[in-house]
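Remember, it's a predicted structure, so these values are computed and weren't measured experimentally. Chain letters run A, B, ... following the sequence lines, proteins first, then strands; residues in each count from 1.
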There are 2 protein chains.
Amino acid sequence: MSERRVTMADVARRAGVSPTTASFALSGRTDMRISDASRERVLAAARDLGYRPNVTARSLRTKSTQTIGLVSDRITTTPFAGEVIRGAMEAARERDHLLFITEAGGDRAAESSLVHALLDRQVDAVVYASMFTRYVTPPKELFGRRVVLLNCLAPDFDAPSVVPDEFEAGRDAARALLAAGHTEGIWAIGGHQAVPATPEGIIAGNERMRGLEEVLREGGARLEGVIECDWDTLDGHREVSALLAAGHRPRALVCLADRVSFGAYQALGEAGLSVPGDVSVISFDDQDIASVLRPALTTLRLPHYRLGHLAMELILRPGPLEAVVHRVPMPLQSRASLAAPTSG
Amino acid sequence: MSERRVTMADVARRAGVSPTTASFALSGRTDMRISDASRERVLAAARDLGYRPNVTARSLRTKSTQTIGLVSDRITTTPFAGEVIRGAMEAARERDHLLFITEAGGDRAAESSLVHALLDRQVDAVVYASMFTRYVTPPKELFGRRVVLLNCLAPDFDAPSVVPDEFEAGRDAARALLAAGHTEGIWAIGGHQAVPATPEGIIAGNERMRGLEEVLREGGARLEGVIECDWDTLDGHREVSALLAAGHRPRALVCLADRVSFGAYQALGEAGLSVPGDVSVISFDDQDIASVLRPALTTLRLPHYRLGHLAMELILRPGPLEAVVHRVPMPLQSRASLAAPTSG
DNA sequence: ACACCTTGCTAATCCGATTTAGCTGAACGG
DNA sequence: CCGTTCAGCTAAATCGGATTAGCAAGGTGT
């Protein structure tokens with residue numbers, strides 16, 4: 001891409017030293033003796049010429065490209081996935097690394113070919129990411145490589161995982177409910193289900209429900225009912241409408257995803273019930289919409305930025321990677337949809 | 001990253017030819033004569049050994065890395081920006097290129113340093129992207145380089161731009177309104193304003209308004225009023241509430257962004273007005289939320305995927321780039337919020 | 001029979017860095 | 001005065017390919 005770049009040979013020539021000396025002076029290595037005078041001259045020459053090392057050339061020798069690859073199933077499906085990338089990117093930048101982004105769209109062949117494309121470019125490591133928490137089997141090309149699993153788990157694959165702490169989030173939801181005084185009329189909408197097509201897709205649902213029920217029980221409360229449905233606005237609307245039509249009068253709704261909450265809001269509104277006056281709502285995810293709903297939604301936030309950041313941090317941390325599961329807390333975003341139950 | 005890779009020398013050895021012959025056989029070049037027998041043996045050896053060329057090494061000689069860099073102000077601010085990246089990525093992949101993603105967050109120094117990081121890695125070209133349409137001044141490091149401006153304009157910079165066709169979208173909004181029979185009581189909410197902090201940020205607003213008013217006028221209609229406000233849910237809610245409180249009874253609202261529409265929906269609902277029964281709403285952007293609102297929002301879609309795709313296509317198209325502005329159509333998503341005005 | 005092409009291949013160089021091996025001159029010790 | 005040590009540097013090899021220059025064998029034309 002245009003204009004001959006200044007090379008180290010140019011710098012060496014201008015400083016009146018050999019390329020070897022220039023190299024050592026510039027890299028600041030001390031195992032080869034360079035006089036202060038020479039070093040200064042090299043540094044000055046580099047500065048004057050605006051020298052920048054050719055990372056590609058260096059990589060050929062050093063085997064390190066300062067480049068990380070990210071392979072994901074889908075980047076754009078979930079609207080907040082960008083935060084994952086941003087987290088990874090910023091962590092990379094803090095250590096002078098750059099990020100290749102790829103997306104296989106769930107296609108195994110495409111995935112393999114993308115991993116090859118990354119390896120052909122000598123990436124130092126790969127982040128293998130899923131856009132919702134689930135079990136995966138990374139392509140065989142990644143075996144034995146430096147890999148971190150992001151938002152997914154692979155028991156047979158020797159690599160660390162970074163996932164949201166769904167279980168603790170479930171517990172926190174229950175704690176918030178109890179703290180507000182809710183012990184009766186609590187319904188879970190969305191239940192254990194996540195994505196219908198993916199049997200393993202129920203990690204988030206299961207964990208959230210497990211934590212929720214556990215702390216509720218400890219607090220002497222319990223769920224009045226669990227409604228299993230897909231995690232979407234339409235489903236939330238349909239199920240909550242049905243619930244109300246059946247004569248139930250919930251005091252608190254635990255929606256397993258913000259999209260479900262939005263549907264619940266709509267159903268509640270149509271039935272003339274107010275949030276949180278008549279019914280409290282607590283939710284999971286903290287999508288954009290959560291803060292814009294009226295009333296603003298109290299929800300447990302999926303820590304996408306931190307997920308991406310931590311995955312990259314692990315990769316760039318020196319030393320071998322340990323196959324540990326790192327659970328990132330899901331902070332409670334306390335907003336307006338949760339309040340004390342009205343007596344009666 | 002582990003395991004010695006098979007090199008071309010290995011392939012040549014196994015095929016019993018020189019590396020030169022292997023190179024020519026593998027690249028399929030015809031300007032050097034290689035017998036069919038030799039070629040076959042090289043190809044077979046490569047296949048047997050699972051040979052993959054080291055792109056980094058090749059780049060050193062050829063100056064082409066099959067790698068494109070993307071520099072943006074913010075990737076995650078707008079929830080649909082992921083589609084831009086996906087479009088660019090897929091276009092890149094169609095031509096066996098990979099994409100570096102970087103984000104400067106509006107910081108000029110960071111931007112320069114990221115561009116350097118890209119150039120140090122010998123990217124073949126750079127996509128300079130903004131997350132909302134505006135005038136920009138790319139960093140000087142990009143002058144003379146192969147660059148495409150994505151979602152932004154820079155008159156003094158010799159490079160093509162790819163932007164949404166906001167003007168035509170405004171015209172299409174007007175056409176949709178007229179086709180539904182609206183000629184009176186049409187209000188624009190959001191007006192020319194876009195982002196308060198950015199004086200150049202009004203391109204989208206200006207163009208949309210210009211197209212809208214032009215076609216309305218041609219159709220013998222006109223706007224009853226234009227309300228200038230920021231493009232956010234809160235603003236939409238506040239302004240529409242105020243409008244109704246002032247005794248106005250709009251028949252159609254043109255919201256300059258979906259977020260504004262959402263606020264308008266809330267205000268309308270609170271006032272007991274139904275969409276589209278009492279008031280029609282047409283909007284711009286087509287964010288996720290648009291299809292999930294009740295009734296689903298009729299809106300002119302920002303063609304993010306195509307924007308990203310076209311930018312990358314231009315870059316990968318052989319030959320020099322021409323400093324032309326490419327306008328990508330914003331398709332009308334006809335949903336339920338626009339209907340004929342009720343008489344009376 | 002000799003100059004002249006072709007064909008089919010290889011040796012050597014290059015790309016821009018890093019790194020290893022080795023060389024030179026001064027200081028030092030005895 | 002001679003061998004040793006050490007500071008300070010350079011030549012050359014290396015990484016994995018692409019590319020240029022050139023060479024040997026066989027065929028052609030005259």
Point to revise | A/E94 side chain reached by A/H309 side chain, heavy atoms, under 4.5 Å | key: yes

Practice item. Answer with base, sugar-phosphate or nothing: what part of the nucleic acid does A/V55 contact at a heavy-atom distance below 4.0 Å? Key: nothing

Review point. Side-chain contact, heavy-atom cut-off 4.5 Å: A/D156 with A/T137?
Key: no

Study note, to complete from the structure: With sequence neighbours left out, the residues meeting salt bridge (charged side-chain N to carboxylate O under 4.0 Å, His left out) with A/E40 are none

Exercise for review: Would you mind reading off the distance between A/D31 atom CG and D/dG8 atom P, rounded to a whole angstrom?
Suggested key: 14 Å

Point to revise | Any side-chain donor near an acceptor of the partner, B/T133 and B/N151, under 3.5 Å | key: yes

Exercise for review: At under 4.0 Å between heavy atoms, which parts of nucleotides 12-19 of chain D does protein reach? Answer with one letter per nucleotide, 5' to 3': B base, S sugar-phosphate only, - none.
Suggested key: BBBBBBBB

Review point. Chain B on DNA chain C: first and last contacting nucleotide, 5' to 3', under 4.0 Å to a heavy atom?
Key: C/dT7 to C/dG16

Practice item. Any chance you could measure A/R121, atom CZ, to B/T56, atom OG1, to the nearest 0.5 Å? Key: 8.5 Å

**Study point:** Residues forming a salt bridge (charged side-chain N to carboxylate O under 4.0 Å, His left out) with B/R13, sequence neighbours excluded
**Key:** B/D10

Study note, to complete from the structure: the helix from C/dA1-D/dT30 to C/dG30-D/dC1: angle between terminal helix axes, five bp per end, to the nearest 10 degrees, reads 60°

Exercise for review: Determine whether B/V127 and B/M312 make a side-chain contact, defined as any pair of heavy atoms from C-beta on separated by less than 4.5 Å.
Suggested key: yes

**Study point:** Where at least one partner belongs to residues 44-61 of chain A, residue pairs that pass salt bridge (charged side-chain N to carboxylate O under 4.0 Å, His left out), sequence neighbours excluded
**Key:** A/R14-A/D48, A/R52-B/D120

Practice item. Verify the contact: side-chain N or O of A/T21 to OP1 or OP2 of D/dG8, cut-off strictly under 4.0 Å; return yes or no. Key: no

Check your understanding: Do A/F157 and A/Y128 have ring centres separated by under 6.0 Å?
Key -> no

Check your understanding: Is a donor on one side and an acceptor on the other found under 3.5 Å between the side chain of B/D124 and the backbone of B/T65?
Key -> yes

